[in-house]
Amino acid sequence: MILQVKDLTVRFGGLVAVNKLSFDVKPSTIHGLIGPNGAGKTTVFNSIFKLVPYNGNLIYKNIDMGKYPTHSLVNMGISRTFQNLSIFYSMTVKENILVGLHSKKSSNLIKDTLGYKINSEKELLEVSELLNILPYLSVYAMFLPFGILKMVELARALISKPQLILLDEPGAGLNPAEKERLKEIIKRIKEMGISVLMVEHDMGIIMNISDEITVMNFGEKISAGTPEMVIHDLKVIEAYLGEEIHA
Amino acid sequence: MFDIYLTLIARGLSTGAIYGLTAMGIVLIFQTNNILNWAQGNAGMFITYLAFFLLALQLPYPLVILLAIIAGAIMGGLVEKYLIRPVREKSRIGLLMITLGLAMVFEGLAAFIFRPFPRNFEPLLKGSIAIGPITLGQQDVLVIVLSTLIFASLFLILYRTKIGIGARGIAEDWYGARVLGVPVFTISLIIWSISFALSGLVGILIVPRFALEPHFMLPIQVKAFSAAVLGGMNSVLGAAVAGLLLGVMENIIAFHFPYLQESFSLVLVVIVLLFLPTGLFGKKTQRRF
């Protein structure tokens, strides 16, 4: 397993946001994490990145992640995107993406200051081509539309060559054409050997590309299995306002 | 008359460089920690006292400046690690109170340890030089040259180096940068060290114009705040330019209306903010903490 979540519990005061949640992410698979609003999905992501205190165990490639600070996780091979865009708007797209390489690249303060280029052009071009943002590299992020910024954020998470990437609602705010393209990109990421743990509300995306799905409601796991299995699970249907899920 | 204005502008550039350097320290800390550092001026005052006693030990002046910069960097690092870091993600008001308290602690300690009476602090360079029609103190020239070098270096570091790009990332999204692998606390420590080192340098360069006593940096702190707001609290370039602008305009105002010199900077800030709420170079950003 690339990631094992064991008895994860997160409390915010008296509220139990995640309650004894356990699931595994297999290598080179797309694992969906779904559930109604407030189910605790993003809190799971925030726990993995130690942005919230938690109980339980988070094991990445047999290493207990609890011992490592947030900024070291990228070096270990984990990266993520955010539900709400986390873009550095006053930077160019290129600079935004380079921040994703911070922990991977050594640098020499004096050489860099004098104009020495950080040797990362190859990675930059690769990831920019994959996500179709090559023409925007020198454009300031504040001038770009939402759909492109989503790709910039994804590029920033991919440039560090992660082994596990956490995508928090990558399809939110995208138009149908962009969503189709996103599905292809996520499949391509999987083909590159990267495991994907994805939170997504758009069932058309998640049911289509996930290998396995864990369903949460009120902080607890209510179902797990292949998309075919969970889509017909009565507990899941009930959680989604009693309506059948349409993939 | 024209010659007088040229001299006023040149001397204003020297004063403005001091404002700009202090404002840069304030802006750097504001960007990375989202707090106003009220202790920026008094940290410089305290370091200047240390320099005064090092000079009394007959150490060479340039070495004393270097030691003062190092002392400032160490002080800034200690403040970040032991006072700011534990509170950084918990209480914004707490952080503000820490910097305010720190300013008072520096002042109290200086008065207690070094005694509060004014002392004469000799400049590194005495005498003046004439550049065409402009007559300028050698110390003023030193201030302008040093400040230009520091402005340029800081700008290059922020825009070309890994640490600089990381610091700019932190300025916009602390948690986002952290998740991307930026060691936010280490960079914050570096920024506090740079800011306090700058404050020490500013103190030593400017104190010969006044006298060394626990309040001598107060007007510099106020003007630097004005410059930081005027330039835009999220623009290091803005802080430098606004500092220079303020120094020059203030010098010209003081020539014609001496009583308005002290209040001028604040009036200018209010007028500019009425029309440009984010300052001359500030950008509207969606900051996440």
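In what follows, chains are A, B, ... by sequence order, proteins preceding strands, each numbered from 1. Side-chain atoms are counted along with the backbone in the values below, which use heavy atoms only and exclude waters and symmetry mates.
Residue L73(A) does not touch chain B at all, counting heavy-atom pairs closer than 4.5 Å. With a 4.5 angstrom heavy-atom cutoff, I187(B) touches chain A only via side-chain atoms. Heavy atoms closer than 4.5 Å to chain A are found nowhere in F155(B), neither backbone nor side chain. Heavy atoms of S79(A) lying under 4.5 Å from chain B are absent altogether.
Nearest heavy-atom pair across S86(A) and G176(B) is OG-CA, 3.5 Å. Taking all atoms of both residues into account, the shortest heavy-atom contact from Y175(B) to F82(A) is O-CZ, 4.4 Å. The two residues M91(A) and E172(B) make their nearest non-hydrogen contact at N-OE2, 4.1 Å. Across all non-hydrogen atoms, the minimal contact from H71(A) to V182(B) is CB-O, 3.4 Å. Scanning both residues, G181(B) and S103(A), for their nearest heavy atoms gives O-CB, 3.6 Å. For the pair V74(A) and V179(B), the tightest heavy-atom approach, listed with the atom from each and the gap, is CG2-O, 3.1 Å.
Looking only at side-chain heavy atoms (C-beta outward), R178(B) and P69(A) stay at 4.5 Å or farther from each other.
The environment of M192(A) atom CE is dense: over 12 non-hydrogen atoms of other residues, nucleotides or ligands sit within 6.0 angstrom. At most 12 non-hydrogen atoms from other residues, nucleotides or ligands lie less than 6.0 angstrom from CD1 of I93(B). The 12-atom threshold is exceeded at CZ of R181(A), counting heavy atoms of other residues, nucleotides or ligands nearer than 6.0 Å.
For the atom pair CG (L101(A)) and NZ (K162(B)), the distance works out to 9.0 Å, reported to the nearest 0.5 Å. To the nearest 0.5 Å, the span separating OG1 on T81(A) from CG on L180(B) amounts to 10.0 Å. Note that CD1 of I97(A) and CD1 of I165(B) are 11.5 Å apart. Values are rounded to the nearest 0.5 Å.
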